[in-house]
A.B. asks: 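Next up is a structure, given as structure tokens.
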Amino acid sequence: MVREAEINRGTDQRRRELVEARNQADTLAYAAEKRLSEWDGRVGIEDRRALEQLIAQVRETAKGEDIT
């Protein structure tokens, strides 16, 4: 059992880092959406669309397997 734990340590670490990165991306996307809704009327339509696209990109990228 200890041997299996040693063998899987790298995989477990990678999974943990991936989950943490996804959580951070989700938190940042949520915060950006919240701020954008708070600033409704103060942000131009073009800027709003650009920000919404960036938020969508963050969410889509977070679905992947790349941590960076």
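Residue numbers run from 1 in the order of the sequence given.
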A.B. asks: May I ask you to decide whether Arg14 forms a salt bridge with Glu65, counting only side-chain N to carboxylate O separations under 4.0 Å?
C.D. replies: no
A.B. asks: Find the distance between OG1 (Thr61) and CG (Leu54) and round it off to the nearest 0.5 Å.
C.D. replies: 10.5 Å
A.B. asks: Would the distance check show the side chain of Arg35 and the main-chain N or O of Tyr30 forming a donor-acceptor pair, the cut-off being under 3.5 Å?
C.D. replies: no
A.B. asks: Using a cut-off of 6.0 Å, state whether more than 12 heavy atoms not belonging to Glu46 lie near its atom CD.
C.D. replies: no
A.B. asks: Hey, could you give me the CG/CG distance between Leu36 and Asp47, rounded to the nearest 0.5 Å?
C.D. replies: 9.5 Å
A.B. asks: Salt-bridged, Glu52 to Arg49, with N to O below 4.0 Å?
C.D. replies: no
A.B. asks: Taking all non-hydrogen atoms of both residues, which atom of Gly64 and which atom of Leu18 are closest, and how far apart?
C.D. replies: O-CD1, 3.8 Å
A.B. asks: Between CD of Glu38 and CG of Asp40, what distance do you get to the nearest 0.5 Å?
C.D. replies: 11.0 Å
A.B. asks: List in chain and number order the residues that pass side chain to side chain donor-acceptor pair (under 3.5 Å) with Glu33, two or more places apart in sequence or in another chain; answer none if no residue qualifies.
C.D. replies: Arg59
A.B. asks: Write down the atom of Ala25, the atom of Val58, and the distance for their closest heavy-atom approach.
C.D. replies: O-CG1, 3.7 Å
A.B. asks: So, Arg48 side chain and Val43 main chain: donor-acceptor pair closer than 3.5 Å or not?
C.D. replies: no
A.B. asks: Of all residues at least two apart in sequence or in a different chain, which pass the side-chain contact (heavy atoms from CB on, under 4.5 Å) check with Gln13?
C.D. replies: Arg16, Glu17
